[in-house]
Amino acid sequence: MDFLVKGVIEAVKALYDKEIKESDVNLQETRKEFKGEVTVVTFPFSRFAGKGPEQAGAEIGEYLQRQHAEISDFNVIKGFLNLSLSDKFLLETFNKSISQESFGIFERTNDKVMVEYSSPNTNKPLHLGHIRNNLLGFSVAEILDARGYDIIKANLVNDRGIHICKSMLAWQKFGNGETPESSGLKGDHLAGKYYVIFDKEYKKEIEHLIAAGQSEDDAKKNAPLMAEAREMLQKWEANDAEVIELWKRMNAWVYAGFDVTYKSLGVSFDKYYYESDTYLLGKDIIEEGLAKGVFFKKEDNSVWIDLTADGLDEKLVLRGDGTSVYITQDLGTAQLKQEDFGMNQSIYVVGNEQDYHFKVLFLILKKLGKSWAEGLYHLSYGMVDLPSGKMKSREGTVVDADDLISEMIATAKQRTEELGKVDGFTEEEKDRLYRMIGLGALKYFLLKVEPKKRLLFDPNESIDFQGHTGPFIQYTHARIRSVLSKAGSTDLSFNNITELTQTERELVMNLSKYPAVVDSAAREFSPALIAAFAYDCAKLYNKFYHEEPILKVEDLDVRNFRLALSEATANTIKKAMHLLGIEVPERM
RNA sequence: GCGCCCAUAGCUCAGCUGGAUAGAGCAACGGUUUUCUAAACCGUCGGUCUCAGGUUCGAAUCCUGAUGGGCGUACCA
């Protein structure tokens, strides 16, 4: 609709001899209750037009209609100039763009973007919060890829530290040699089991110590289990053979488990970073910062940066004993990633509890004069809460990722069987379909919400399969494919179409927005925009499907146009859903 | 205490850089199938956009303050 912006600028110049900018032209979709497709807001023009917005609207409308054959009609209501686009123009748009294979495919740019997501700890299995993270990261990567960027999907695995030692220690003490094979437990769940056992035993020790007269703080510090865990961490850092072996063994179990979950979710990575490799990085940057005077040393040798001028605090970047803190390694890892890939942008998909951390991290890198720091972005998302409050791994109040996925698939199976829609499916096709629908429901449920917002998940209310949901969109796609296969012919050419129905016009208008939607979603890192678009397409198509016959139309041109419109809708829905990591079936 | 984020229908969410009578889904109620898949379609019901000021021709949207909720404010990650 670019020509309209230019057209309005031209009209204003011709009529009122006033130069206005593109951003002064306010175009919006015409509301349903009025005639037209595109609305120009003319309030701002009345000032220099020297007449009311209504009269200015009428004049601009007349001018536009005279100059542009695309505009078939217009009406003015208050400060709103509603323009109707001609059927001829809509058909041209459909033929030249929407129905083409290349519709919504952007040219490749030379920009590289890294999307870091998932970033699990190897002491417990993934839960619903991780699912949100993984789906967001994967989808944003797909969207940026579709927008033409080269993408590196990265996973920074937190595979070391005191929390990992806790599960290791508990397994060593209470595990009796249990393995995934011996127990039938998935490796990550096995590790998680011992993480919980550690916490339970540790709490018992604390109680005993408190009963024996220690303060709570002292008890937490002095509990023998915690002392042992700390000792184990020191041994790990000293490369103790026995500890390292145990660490490798248990982590291997966990990775095998994660792989299964990642595969279920359909997410993948191009590059893994492991904290065990990167946790010592960042010391060079500390030196660099000291040399540049960005950091300063205190008497105890600890290194700090003063961010009070930026409204933040003083921040420790290196301990007095020379060991790293979280931000030290993140500084180093940021540098390493940059050296590895030289990307233009780097997106960190991390929960909003780390907003402050990333603010500080990016600011420090800017102060160090890293030119690439401008391309860093924290894609912050809200926590997933249960009606009972926050999920806590240690206390076992989590919605487990694997469990949830199986439940979704089981529900999909049950619903589909109830509807009796799988006649003629092989067992394999059925399983594939149930998985597609179950995951479609789950993914859409999580991705349709703006990342920033916190999300409420009630395990007692199953995720819907009707209405504004993934399966609704999947169903629409299957429905279209069914019509197309019944049509038989592959020749969908048509001529002599001059008139469109209202619903056809709406559908064409909606489809035409797809490239702009991908562009916005890429700029805002927002799968929710894609989700809303796909829903609108499906909704409009179902309306069209209901109102207009397709195969039964006698006029071959009309029939073929409607088939072509159906096919274009199916293709666009498929493309959009693909950006969300959701597959669409041929039949359901 | 200080900082950041959020607040829209009974519930879950949309609402683009300020623009028309604030939209969907679920739930409730009613209707649609001898016709291309009823996981659908159509209709009814449902909102002082948390509150109070301000800016503007115009505010759910911008500014200030208040209230409620979340998160952070560690020589944890």
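In what follows, every chain begins at residue 1, and chains take the letters A, B, ... in the order their sequences are listed. These numbers come from a predicted model, not from an experiment.
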Subject >> Sugar-phosphate, base or nothing in reach of Lys543(A), heavy atoms under 4.0 Å >> reply: sugar-phosphate

Subject >> Toward the 5' end of RNA chain B, by each residue's nearest nucleotide, Arg587(A) or Lys359(A) >> reply: Lys359(A)

Subject >> 5'-most by nearest nucleotide on RNA chain B - Pro549(A) or Gly311(A) >> reply: Gly311(A)

Subject >> Stems formed with participation of RNA chain B [Watson-Crick or G-U wobble, under 3.5 Å, three or more pairs] >> reply: B:1-7 with B:67-73, B:10-13 with B:23-26, B:28-32 with B:40-44, B:50-54 with B:62-66

Original post:
With Phe74(A), which residues qualify under ring pair (Phe, Tyr, Trp, His ring centres under 6.0 Å), at least two apart?
Top reply: none

**OP:** Please identify each residue that fulfils ring pair (Phe, Tyr, Trp, His ring centres under 6.0 Å) with Phe358(A), with sequence neighbours left out.
**Re:** Tyr348(A), Phe362(A), His378(A)

**OP:** Using the side-chain hydrogen bond (donor to acceptor under 3.5 Å, both in side chains) rule, collect all pairs that involve residues 407-417 of chain A, keeping only residues at least two apart or in two chains.
**Re:** Gln414(A)-Glu418(A)

Close side-chain approach of [X] and [Y], heavy atoms under 4.5 Å:
X         : Y         : value
Ile364(A) : Ile327(A) : yes
Lys421(A) : Tyr475(A) : yes
Val483(A) : Ile480(A) : no

Original post:
Does NZ belonging to Lys220(A) count more than 12 external heavy atoms closer than 6.0 Å?
Top reply: no

Whole Å only: how far is the [atom1] atom of [X] from the [atom2] atom of [N]?
X         : N       : atom1 : atom2 : value
Phe544(A) : rC42(B) : CZ    : P     : 14 Å
His546(A) : rA40(B) : NE2   : P     : 11 Å
Gln474(A) : rU37(B) : CD    : C1'   : 15 Å
Glu554(A) : rU35(B) : CD    : P     : 19 Å
Glu54(A)  : rG58(B) : CD    : P     : 17 Å
Arg47(A)  : rU56(B) : CZ    : P     : 12 Å
Leu363(A) : rC4(B)  : CG    : C1'   : 15 Å
Leu439(A) : rA39(B) : CG    : C1'   : 17 Å

Original post:
Do Thr476(A) and rA40(B) have a side chain to base donor-acceptor pair shorter than 3.5 Å?
Top reply: no

Subject >> Distance below 4.0 Å between Lys32(A) side-chain N/O and rG23(B) OP1 or OP2 >> reply: no

Original post:
Which of these passes side chain to side chain contact (heavy atoms under 4.5 Å, CB included) with Phe457(A): Val384(A), Asp385(A), Ile131(A), Leu446(A)?
Top reply: Val384(A)

**OP:** For a side chain to side chain contact (heavy atoms under 4.5 Å, CB included) with Leu361(A), tell me which candidate from Leu376(A), Asp330(A), Thr333(A) qualifies.
**Re:** Asp330(A)

Original post:
Could you write nucleotides 72-77 of chain B as a row of B, S and -, 5' to 3', where a protein heavy atom under 4.0 Å of any base atom gives B, of only sugar-phosphate atoms gives S, and otherwise -?
Top reply: SS-BSB

Original post:
Is the distance between the ring centroids of Trp247(A) and Tyr274(A) less than 6.0 Å?
Top reply: no

**OP:** Over 60° means perpendicular and under 30° means parallel, so classify the ring planes of Tyr535(A) and Phe472(A), tilted if in between.
**Re:** tilted

Subject >> Nucleotide nearest Asp355(A) (side chain, heavy atoms from C-beta), chosen from rC36(B), rG25(B), rC4(B) >> reply: rC4(B)

**OP:** Kindly point out which of rA38(B), rA39(B), rC41(B) is positioned nearest to the side chain of Arg479(A)?
**Re:** rA38(B)

Original post:
Does the Tyr514(A) side chain pair with the main chain of Ile573(A), one donor and one acceptor, at a distance under 3.5 Å?
Top reply: no

Using nucleotides 13-20 of chain B, report all nitrogen or oxygen pairs with the protein that are shorter than 3.5 Å.
from	atom 1	to	atom 2	distance (Å)
rA14(B)	OP1	Glu450(A)	N	2.8
rA14(B)	OP2	Lys453(A)	NZ	3.0
rA20(B)	N6	Thr39(A)	OG1	2.9
rA20(B)	N6	Asn82(A)	OD1	2.9
rA20(B)	N1	Asn82(A)	OD1	3.3
rA20(B)	N1	Asn82(A)	ND2	3.4

